[in-house]
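The structure under discussion appears below in the form of structure tokens.
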Amino acid sequence: MTAEAPLAPALPYGRLIPVTVHFDDLDALGLLHNARYPLLVERAWTELWNDNGVRFEGDWAAAGDACNAVRELRVTYEAPVTRPGTYAVHLWLDRLGTTGLTYGFRFCSQDGAVTYARGSRVLVRLDAATLRPAPWSGTFRDAARELLRPDA
């Protein structure tokens with residue numbers, strides 16, 4: 001008999017990406033350090049886009065849509081994470097503009113039922129040569145539309 005990986009729960013929108021909290025992510029009180037939440041969300045976001053072919057491999061000129069910068073980050077902490085283990089980040093888009101986007105996230109239990117933190121982040125696509133805003137590619141926009149929250 002072989003064990004099968006558990007199926008990700010059905011979400012009304014967005015994607016649930018597994019993340020791992022390690023012992024050294026906890027602070028002196030045994031709580032997930034507040035600065036680790038954005039880091040784990042970033043890792044989930046990177047994994048999601050890597051799965052869609054958007055990645056940075058060391059060359060900003062060739063990075064395309066991976067050449068972007070954070071304009072704003074907001075995080076609200078709702079419940080403490082008190083132990084290492086597997087959790088998840090629920091990711092979705094609230095807004096997809098020509099050169100920017102706003103995504104929402106929840107740091108949650110592996111099944112998505114318990115929310116520990118939530119927030120949003122604004123990204124701006126940059127031209128690698130000028131570092132000025134540049135439009136997202138059509139391929140990126142097509143993949144991003146699948147992440148849009150229905151009421152967004």
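This chain uses plain numbering: 1 for the first residue, then up along the sequence.
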Transitively linked via ILVMFWY side-chain contacts under 4.5 Å: [X] with [Y]?
X      : Y      : answer
Trp136 : Leu148 : yes
Leu123 : Leu126 : no
Leu40  : Val114 : yes

With a 4.5 Å cut-off on side-chain heavy atoms, are [Y] and [X] touching?
X     : Y      : value
Val89 : Leu48  : no
Leu32 : Pro84  : no
Leu91 : Val41  : yes
Val81 : Phe107 : yes

**Message:** Please enumerate all residues that pass side-chain contact (heavy atoms from CB on, under 4.5 Å) together with Ala129, with sequence neighbours excluded.
**Reply:**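 By the side-chain contact (heavy atoms from CB on, under 4.5 Å) rule, Ala129 matches Asp127.
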**Asked** Considering residues at least two apart in sequence or located in another chain, which fulfil the side-chain contact (heavy atoms from CB on, under 4.5 Å) criterion with Ala66?
**Response**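 Testing Ala66 for side-chain contact (heavy atoms from CB on, under 4.5 Å), a comparison that skips the adjacent residues, returns Val54, Phe56, Ala63.
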So which heavy atom on [X] is nearest to which on [Y], and how close?
X      : Y      : value
Leu16  : Gly112 : CD2-N, 4.2 Å
Pro12  : Pro150 : O-CG, 4.3 Å
Pro135 : Thr99  : N-CG2, 3.7 Å
Ser109 : Ala88  : O-CB, 3.6 Å
Glu47  : Pro18  : OE1-O, 4.3 Å

Kindly compute the distance separating [atom1] ([X]) from [atom2] ([Y]), expressed to the nearest 0.5 Å.
X      : Y      : atom1 : atom2 : answer
Leu101 : Arg141 : CG    : CZ    : 9.5 Å
Trp92  : Arg149 : CH2   : CZ    : 7.5 Å
Ser120 : Arg95  : OG    : CZ    : 11.0 Å
Arg118 : Phe105 : CZ    : CZ    : 10.0 Å
Asp51  : Thr46  : CG    : OG1   : 11.0 Å

Let me have the donor-acceptor pairs involving side chains of residues 70-77, under 3.5 Å, with sequence neighbours excluded, atom names and distances please.
unit_1 : atom_1 : unit_2 : atom_2 : d
Glu72  : OE2    : Arg74  : NE     : 2.7
Tyr77  : OH     : Asn34  : O      : 3.0

**Item:** Which residues share a side-chain hydrogen bond (donor to acceptor under 3.5 Å, both in side chains) with Thr86, sequence neighbours left out
**Value:** none
**Request:** Taking side-chain hydrogen bond (donor to acceptor under 3.5 Å, both in side chains) as the test, write out the residues that go with Thr115, two or more places apart.
**Result:**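 Counting only residues at least two positions away or on another chain, Thr115 forms a side-chain hydrogen bond (donor to acceptor under 3.5 Å, both in side chains) with Arg106.
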**Request:** Quick one: name the residues clustered hydrophobically with Leu31, using the 4.5 Å side-chain heavy-atom rule over I, L, V, M, F, W, Y, and just say none if it's on its own.
**Result:**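 Leu29, which link up through side-chain heavy atoms under 4.5 Å apart, make up the rest of the cluster.
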**Item:** Of all pairs that satisfy side chain to side chain donor-acceptor pair (under 3.5 Å), the ones with a partner from residues 52-63, not counting sequence neighbours
**Value:** none
**Item:** Pairs touching residues 12-30 that satisfy side chain to side chain donor-acceptor pair (under 3.5 Å), sequence neighbours left out
**Value:** Asp25-Arg36
Would you please name every residue forming a salt bridge (charged side-chain N to carboxylate O under 4.0 Å, His left out) with [X], sequence neighbours left out?
X      : answer
Arg125 : Asp65
Glu42  : Arg121
Arg145 : Asp142

**Item:** Which residues share a ring pair (Phe, Tyr, Trp, His ring centres under 6.0 Å) with Trp45, sequence neighbours left out
**Value:**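 Trp45 satisfies ring pair (Phe, Tyr, Trp, His ring centres under 6.0 Å) with Trp49, Tyr103 only.
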